[in-house]
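One structure is given below, encoded as structure tokens.
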Amino acid sequence: MALAVSTSSTSAISGSSFSRAAGNNHGELRAQQIGSFRLLDRPQTASIALNVSQRRTSVKPVNAEPKRNDSIVPSAATIVAPEVEEKADVKVEDYGQLAKDLDAASPLQIMDKALEKFGDDIAIAFSGAEDVALIEYAKLTGRPFRVFSLDTGRLNPETYQFFDAVEKHYDIHIEYMFPDAVEVQALVRNKGLFSFYEDGHQECCRVRKVRPLRRALKGLRAWITGQRKDQSPGTRSEVPVVQVDPVFEGMDGGVGSLVKWNPLANVEGNDVWSFLRAMNVPLNSLHTKGYVSIGCEPCTRPVLPGQHEREGRWWWEDAKAKECGLHKGNLKQEEAGVNGNGSARTNGSAAVADLFDSQNLVTLSRPGIENLLKLENRKEPWLVVAYAPWCPYCQAMEASFVELAEKLAGSGVKVGKFRADGDQKEFAKQHLQLESFPTILFFPKHSSKPIKYPSEKRDVDSLMVFVNALR
């Protein structure tokens, strides 16, 4: 926060207090009155201000010298080590309480509050997807606003075209942040262009997204994101409308120096889209091709009907790892051990309710699934889902799989479930073809080797076609 400096001088210290000395052939600037500050011959800035982090202060001049009318002052002056005497602390904002107060507020009200509170020290983080709604809400407040975006160098052409359309529609300039060229060069030279398919996306995202974001946020006191609770039940279900950022730092530095606003936290995805259509705003053309959540081109693909929107991101990894690092603070402490491919140090899911609770489903233990694998001649075929109860995609298909079990009851096909996370995950990877959750396997009647369901269509009809083709 800029604080004007007052002194015992009758003249204000500002850019206007300098005049050209009469008879000075060199056109040098002469100070009419400098007060009691010693000035150095170092070019700095044309204005004199102190950043004192929202505190009321008075300034004691140190190393004071008598006023000298013949001193030649350069075009800017620097105060030497002023002592700042604290008089009163400004009340610290309780953002937990503010989040509760605004929990029932509309996105427009939350946006207006954010812009009013932080002015030019806050900016909207724009990803090039449906979070264009944030820009529309900001425009509707009538307040000035800033927008920044991370250009990773690997976005879809359609996303770049969308950026251009948004800038023209709102008459704004998006502040683009780019990754460090040396870091990108080292990553690609050492590991190739597509290393994330083998060892997880976190390293690439750290270089191309997280570090540029960190640089952007160091120039702000608050930022605005498009996070919604329904985007990722595993990591975003508890996102508040405003919070102290638990991961990144703002311009003042240190823990608690950055505030994070999430105006869409309580809004359903369908409602966001209804708003966008009603306001006739520009949209990324990828949305018409089945894309919902949009990131970098190699790591984003369309989703199928019935799939969760985040299932199109990093599809080769576990659902629980689907945060790029920009919102790492959403992950619980026990989830911090999850790497790019979903391996975790601990289970961390004991408190999560189990799935697929039905009398038509058999719960298989480790010995049970091992016996099923050993049998070459079974009395009946089996359909088994390897799952993790915390996985949002397992949760999304629960109703379909339970309904399927009811339809198959008495048909000669057994339906079972095997919890394959935690300590069972390595076993499931080796013997149950587990790559991500959920994995659905059909155990034929006369073969020990299970057949993996290859599609991501997990509706009842699609699963029934798979079973009927093999039984």
Greater than 12 external heavy atoms within 6.0 Å of Lys452's NZ = yes
Spacing of Glu130 atom CD and Ile294 atom CD1 [to the nearest 0.5 Å] | 7.5 Å
Please indicate whether Asp171 has more than 12 foreign heavy atoms, meaning atoms of other residues, nucleotides or ligands, lying under 6.0 Å from its CG.
-> no
Phe145/Met111 under side-chain contact (heavy atoms from CB on, under 4.5 Å): CA gap, chis, key distance, verdict = CA-CA 10 Å; Phe145 60 91; Met111 178 66 74; over 6 Å; no
Kindly assign one of parallel, tilted or perpendicular to the pair Phe275 and Tyr137, based on the angle between their ring planes and the thresholds 30° and 60°.
-> parallel
Got a donor-acceptor contact below 3.5 angstrom from the Asn360 side chain to the Val415 backbone?
-> no
Using a cut-off of 6.0 Å, state whether more than 12 heavy atoms not belonging to Asn280 lie near its atom CG.
-> no
Indicate yes or no: at least one non-hydrogen side-chain atom of Leu258 is less than 4.5 angstrom from one of Glu249.
-> no
Atom CZ in Arg206, atom CD in Glu183: separation rounded to 0.5 Å?
-> 9.5 Å
Between Asn262, Asp245, Asp131, which is the residue that forms a side-chain hydrogen bond (donor to acceptor under 3.5 Å, both in side chains) with Thr225?
-> Asn262
Here the gap from Lys209 atom NZ to Ser127 atom OG, rounded to the nearest 0.5 Å, amounts to 8.0 Å
Grab the two heavy atoms, one from Phe466 and one from Pro454, that are nearest each other, plus how far apart they are.
-> CE1-CD, 4.2 Å
Do Gln395 side-chain atoms and Pro389 backbone N/O form a donor-acceptor pair below 3.5 Å?
-> yes
Nearest heavy atoms of Cys296 and Asn156, plus distance in Å | C-ND2, 4.4 Å
Validation row: Leu102, Pro240 side chains within 4.5 angstrom (heavy atoms) = no
Kindly indicate whether the side chain of Leu470, heavy atoms from C-beta on, has any atom under 4.5 Å from the side chain of Pro381.
-> no
On a heavy-atom basis, the closest approach of Arg378 and Leu373 is NH2-O, 4.3 Å
Carefully, step by step, assess Arg215 and Asp180 under the rule salt bridge (Lys or Arg N to Asp or Glu O under 4.0 Å).
-> CA-CA 11 Å; Arg215 281 190 279 112; Asp180 182 88; over 6 Å; no
When rounded to the nearest 0.5 Å, the distance separating CG of Asp121 from CG of Leu115 is 12.0 Å
Is it the case that more than 12 heavy atoms not belonging to Gln359 sit under 6.0 Å from its CD atom?
-> no
Side-chain touch Leu408/Met464, heavy atoms, less than 4.5 angstrom = yes
Nearest heavy-atom pair of Ile124 and Ala138: which atoms, and what distance?
-> CD1-CB, 3.6 Å
From CA spacing to verdict: side-chain contact (heavy atoms from CB on, under 4.5 Å), His169, Val132 | CA-CA 11 Å; His169 181 83; Val132 67; over 6 Å; no
Any idea which heavy atoms bring Gly219 and Met251 closest together, and the distance?
-> O-CE, 3.3 Å
Met177 and Leu213, any side-chain heavy atoms less than 4.5 Å apart | no
Student check: side-chain heavy atoms of Asn266 and Lys229 closer than 4.5 Å = yes
Do Phe126 and Phe162 make the cut of ring centroids closer than 6.0 angstrom?
-> yes
Donor-acceptor contact present, side-chain Tyr453 to main-chain Lys457, <3.5 Å = yes
Evaluate whether atom NZ of Lys218 has more than 12 neighbouring non-hydrogen atoms of other residues, nucleotides or ligands under 6.0 angstrom away.
-> yes
Working to the nearest 0.5 Å, report the span between OG1 of Thr363 and CZ of Phe418.
-> 11.5 Å
What class does the angle between the rings of Tyr387 and Phe356 fall in, given that below 30° is parallel, 30 to 60° is tilted and above 60° is perpendicular?
-> perpendicular
Under 6.0 Å from the six-membered ring centre of Phe427 and within 45° of its axis: does the NZ or CZ of Arg366 meet both?
-> yes
Looking at Val184 and Pro179, what are the two nearest heavy atoms and their distance?
-> CG2-CB, 3.7 Å
In sequence, state the C-alpha distance, the side-chain angles, and the governing distance for Val272 and Leu276, and then conclude on side-chain contact (heavy atoms from CB on, under 4.5 Å).
-> CA-CA 6 Å; Val272 172; Leu276 294 176; 4.2 Å; yes
Begin from the C-alpha positions of Leu108 and Thr141 and carry the test side-chain contact (heavy atoms from CB on, under 4.5 Å) through to its verdict.
-> CA-CA 7 Å; Leu108 183 60; Thr141 67; 3.8 Å; yes
Verify, without hydrogens or angle tests, whether Ser462 (side chain) and Asp459 (backbone) share a donor-acceptor contact under 3.5 angstrom.
-> no
Would you say the side chain of Trp382 lies within less than 4.5 Å of the side chain of Leu441, judging by non-hydrogen atoms?
-> no
Cationic tip of Arg154 above Phe194 ring, under 6.0 Å, 45° of axis | yes
Measure the shortest side-chain to side-chain distance between Lys417 and Leu355 over non-hydrogen atoms and say whether it is less than 4.5 angstrom.
-> no
Spacing of CD1 belonging to Ile174 relative to CG belonging to Leu150, to within rounding of 0.5 Å = 11.5 Å
